[in-house]
Engineer: 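Mind having a look at this structure? Questions to follow.
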Amino acid sequence: MRRLNPRQEEAVKYIDSPLLVLAGAGSGKTSVITQKIAYLIKTCGLKAKHVVAVTFTNKAAREMKERVGQLVSGKEARGLTVSTFHNLGLNIIRREHKTLGYKPGFSIFDDQDVKALIKELGEKYYSEGMDKIDLIQHTISNWKNDLITTDQAISHAKDEETEVIATIYQHYVRTLKAYNAVDFDDLILLPVKLFSENPTVLDKWQNKIRYLLVDEYQDTNASQYLLVKQLVGTRAAFTVVGDDDQSIYAWRGARPENLALLKDDYPTLNVIKLEQNYRSTSRILKAANTVIANNPHVFEKRLWSDFGMGDEIRVVRCRNEEVEAERVAAEIITHKLKHETKFKDYAILYRGNHQAKLLELKLQHHQIPYFISGGTSFFSRSEVKDIMAYLRLIINPDDDNAFLRVINVPRREIGPTTLEKLGNYASQRHISLFAACNEFGLSTHLDERFLEKLQRFTHWMQKITQQCHQEDPVTAIKDMVHDLDYQNWLRQNSSSDSVADKRMSNVWTLVESLEKSLKVADEEDDVETDIKTAIGKLVLRDMLERQEQEDDSDRVQLMTLHASKGLEYPYVFMIGMEEDLLPHRSSIEENNIEEERRLTYVGITRARKALTMTLAGQRKQFGEQIETTPSRFLEELPIEDVIRIGFGEEVSQEIKQATGKDALASIRNRINK
DNA sequence: CACGTATATTTATAT
DNA sequence: AATATACGTG
């Protein structure tokens, strides 16, 4: 662990009033937070269970936990909370679900569940032209983040369209409640609501949280800001750390101006700036600074480091995206050989998850070990969604979404007609589909034959649910998967047996990850973690990566620019530096270039020693090759610190012919000189 | 009700 | 290109 500089030390030890740390990229803000946690526990004598640190991504939370573990013994750290905002919210809701009017084992709807529900509601109430589901979803989410209630949304609606969306919002909120389900926004919103309506409960939580630390504060949205405010109360014992230049979540409601707002809410706020960078070479920092200088600034800061100039930034133009991926793979191999580095010293960053696909192929081909972090691929696999739906049904039978997903998977000969009748009956009685199956009244609406099929399913589910509570839940779930004959179902529905086996192994990965999380909870004697929270966390995508990366292996890291925030790597590749990709087309259309620029800034500042940016001259889009334009951000780089390759300049000629390792190495040599 | 074929639609970003 | 949805047949 590095020694702290005076500014950092001040930030760690300052506890007299609220503290805002303005920390530029690589200025050691994670060190400040982790050391401050240690300082609070070891020097100030605060019990670990009274200290809470929140971040925004699972990855960051995991990393922070690990680094605290290096400073504080396991015993001392017992009860310490380091989690994401959403996870903290989940815990609060779980403990206070009764007050909030939710039954235990509520489901969490992810993005896709929400979308499906909104689509359904839209069709039900406004059958015409439901082509704006994304807009509706987005609008509702924004309202929730801004703490706008359904009534407010309806009364403030300025045009007809907004009025319609507001009405759907109302139906949406009611339906979710009826399903005993919450969405991601609720994970923040419900605690806020709870605390503002219930001072006794708030008092309890304020008492538990004696010191609060918030990382990446520029990413907080209105409801998160309020949650922080409520939790710290008048005691206002907190430290927040942020950097407005790294605000990249405005699209999900983040308000970087919350940084400035803090001064008004807490007049005694102390502000400490960290401007010395301990990560990158001067050239990389200069590039980052010149790019971000094109954005307006609230807080002026000047990042510097004393690691020397370092290598030029290389911008490599390739013919198409395939050559680009190939090139990156080849460069990693040659560079690694020459510099005797490790695979994990390299990171490949991109704007969209789909860009990982080609890279994956090429890396495999060259037998380069890699790890893709984040991405939705695992959870969007149909087999994973199926089993997740079963799990959700176990903890919450009223989850109609889950019910509909699995009622006929595998085939139970229950079709749309039966379900429609069931649905009608259920909505007229205001009960869930599952509950409706077991009602006597249903027999007048449905033929005996179909009724029996439905009930065979519900009875079977009830049996499994009971087993989960009586015996070991993991065993019960494993039994369930066997009972389903899910493997056979996959074989029937996959192109080949080997594909089916792969999909089946995904199912077991899911179950194992559940098992693991229950075990971990046991060891940490996390009071209330049971099968229900474990499944909830699964929806939040927590804990799955943990086990995949467990071997702490030496792999090239692949991730989106968003996911890379807070991390650092000696050698960084930023790929797809093209207009419409970075900046993304939608951002151009929405005139939101500044956030894309910050995203570029985040990417650049991940690099410690060398940065390579690549772009493809042509790229496949909707199945057709499209000519691309180099990203405008490339032109914002300081020209004297950039080497351009593949733009028809002289070095590029050599690269074109240079296919062998030696040739590449000799060119590199010259570049280094 | 299941299955096969034709047509439409799509690609931010994370919890 | 790949995947979701719609429609028609057995």
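A note on names: the letters A, B, ... follow the listed sequences, proteins ahead of strands, and every chain is numbered from 1.
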Engineer: What is the separation between atom CD on Gln137(A) and atom P on dA12(B), rounded to the nearest whole Å?
Structural biologist: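 So the two atoms are 12 Å apart, to the nearest Å.
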Engineer: What is the distance, rounded to the nearest whole Å, between atom OH of Tyr249(A) and atom P of dT15(B)?
Structural biologist: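 Roughly 7 Å, once rounded to whole Å.
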Engineer: Quick one: Arg585(A) CZ to dT10(B) C1', roughly how many Å, whole number?
Structural biologist: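 So the two atoms are 12 Å apart, to the nearest Å.
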Engineer: Between Arg597(A) and Glu594(A), does at least one N-O distance fall below 4.0 Å, as a salt bridge requires?
Structural biologist: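 Result for this pair is no, no salt bridge flagged.
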Engineer: Given atom CD1 of Ile248(A) and atom P of dT13(B), what is their separation to the nearest angstrom?
Structural biologist: 13 Å
Engineer: Determine the interatomic distance between P on dT11(B) and the same-named atom on dA6(C); round to the nearest Å.
Structural biologist: 16 Å
Engineer: Does Trp251(A) stack onto the base of dT13(B), taking stacking as ring centres under 5.5 Å apart and planes under 30° apart?
Structural biologist: yes
Engineer: Identify, between Thr57(A) and Glu596(A), the residue whose nearest nucleotide on DNA chain B lies closer to the 5' end.
Structural biologist: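 First, find each residue's nearest nucleotide; the 5'-ward one identifies Glu596(A).
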Engineer: In terms of side-chain geometry, is the basic nitrogen of Lys565(A) or Asp219(A) positioned less than 4.0 Å from the acidic oxygen of its partner?
Structural biologist: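 Salt bridge flag = yes for Asp219(A) with Lys565(A).
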Engineer: Give Tyr350(A) one of three labels, base, sugar-phosphate or nothing, depending on what nucleic acid heavy atoms sit under 4.0 Å from its own.
Structural biologist: nothing
Engineer: Between dT15(B), dA14(B), dA2(B), which nucleotide has the shortest distance from any of its atoms to the side chain of Glu413(A)?
Structural biologist: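 Ranking dT15(B), dA14(B), dA2(B) by closest atom to the Glu413(A) side chain puts dA2(B) first.
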Engineer: With nearest nucleotide decided by heavy atoms, which residue, Asn87(A) or Arg412(A), maps closer to the 5′ end of DNA chain B?
Structural biologist: Arg412(A)
Engineer: Between dA12(B), dA14(B), dT11(B), which one does the side chain of His354(A) approach most closely?
Structural biologist: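 Selected nucleotide (nearest to the side chain): dT11(B).
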Engineer: Among dA14(B), dC3(B), dA12(B), which is the nearest nucleotide to the side chain of Ser586(A)?
Structural biologist: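 When the side chain of Ser586(A) is considered, dA12(B) is the closest of dA14(B), dC3(B), dA12(B).
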Engineer: Which listed nucleotide (dA2(B), dA14(B), dA12(B)) is nearest to the side chain of Asn408(A)?
Structural biologist: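 Comparing dA2(B), dA14(B), dA12(B) against the side chain of Asn408(A), the answer is dA2(B).
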Engineer: Quickly work out the Lys119(A) NZ to dT9(B) P distance and round it to whole Å.
Structural biologist: 11 Å
Engineer: Please state the C1' separation for the pair dA4(C) and dT13(B) - nearest whole angstrom.
Structural biologist: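 That atom pair is separated by 23 Å.
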Engineer: Just how far, in rounded Å, is C1' of dT13(B) from CG of Asp134(A)?
Structural biologist: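 My rounded result for the distance is 14 Å.
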Engineer: Does dA12(B) pair with anything, Watson-Crick or G-U wobble, both distances under 3.5 Å, and if so, with which nucleotide?
Structural biologist: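 No nucleotide pairs with dA12(B).
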Engineer: Where the side chain of His562(A) is defined as all heavy atoms beyond and including C-beta, which of dA12(B), dA14(B), dA2(B) is the nearest nucleotide?
Structural biologist: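 Nearest nucleotide to the side chain: dA14(B).
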Engineer: Under 4.0 angstrom, heavy atoms only, what part of the nucleic acid is Asp185(A) near: base, sugar-phosphate, or nothing?
Structural biologist: nothing
Engineer: Compare the minimum distances between each of dA12(B), dT15(B), dA14(B) and the side chain of Thr84(A), then state the nucleotide with the smallest one.
Structural biologist: dT15(B)
Engineer: Which class fits the ring pair His86(A) and Phe184(A): parallel under 30°, tilted 30 to 60°, perpendicular over 60°?
Structural biologist: perpendicular
Engineer: May I ask which nucleotide in the shown strands pairs with dA6(B), Watson-Crick or G-U wobble, both distances under 3.5 Å?
Structural biologist: dT5(C)
Engineer: Side chain of His584(A): nearest nucleotide among dT5(C), dT13(B), dA12(B)?
Structural biologist: dA12(B)
Engineer: May I ask you to say whether Glu627(A) pairs ionically with Arg619(A), meaning some side-chain N is under 4.0 Å from a carboxylate O?
Structural biologist: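 So Glu627(A) does not pair with Arg619(A) through a salt bridge.
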Engineer: Distance check: side-chain N/O of Asn58(A) vs OP1/OP2 of dA14(B), anything under 4.0 Å?
Structural biologist: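 Looking at the OP1 and OP2 atoms of dA14(B), neither is under 4.0 Å from any side-chain N or O of Asn58(A).
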Engineer: Hydrogens and angles aside, do Tyr346(A) and Gln557(A) bring a side-chain donor and acceptor to less than 3.5 Å of each other?
Structural biologist: no
Engineer: Looking for any heavy atom pair under 4.0 Å, which part of the strands does Phe85(A) touch: base, sugar-phosphate only, or nothing?
Structural biologist: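 Here Phe85(A) touches no strand at all.
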Engineer: Rounding to an integer number of Å, can you tell me how far Leu361(A) CG sits from dA1(C) C1'?
Structural biologist: 14 Å
Engineer: Nearest to the side chain of Lys620(A) - dA2(B), dA1(C), dT15(B)?
Structural biologist: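 Nearest nucleotide to the side chain: dA1(C).
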Engineer: Does Asp243(A) come within less than 4.0 Å of Lys29(A), counting only side-chain N to carboxylate O?
Structural biologist: no
Engineer: Distance check: side-chain N/O of Thr418(A) vs OP1/OP2 of dC1(B), anything under 4.0 Å?
Structural biologist: yes
Engineer: Which nucleotide wins on minimum distance to the side chain of Thr560(A), given the candidates dT13(B), dC1(B), dA2(B)?
Structural biologist: dT13(B)
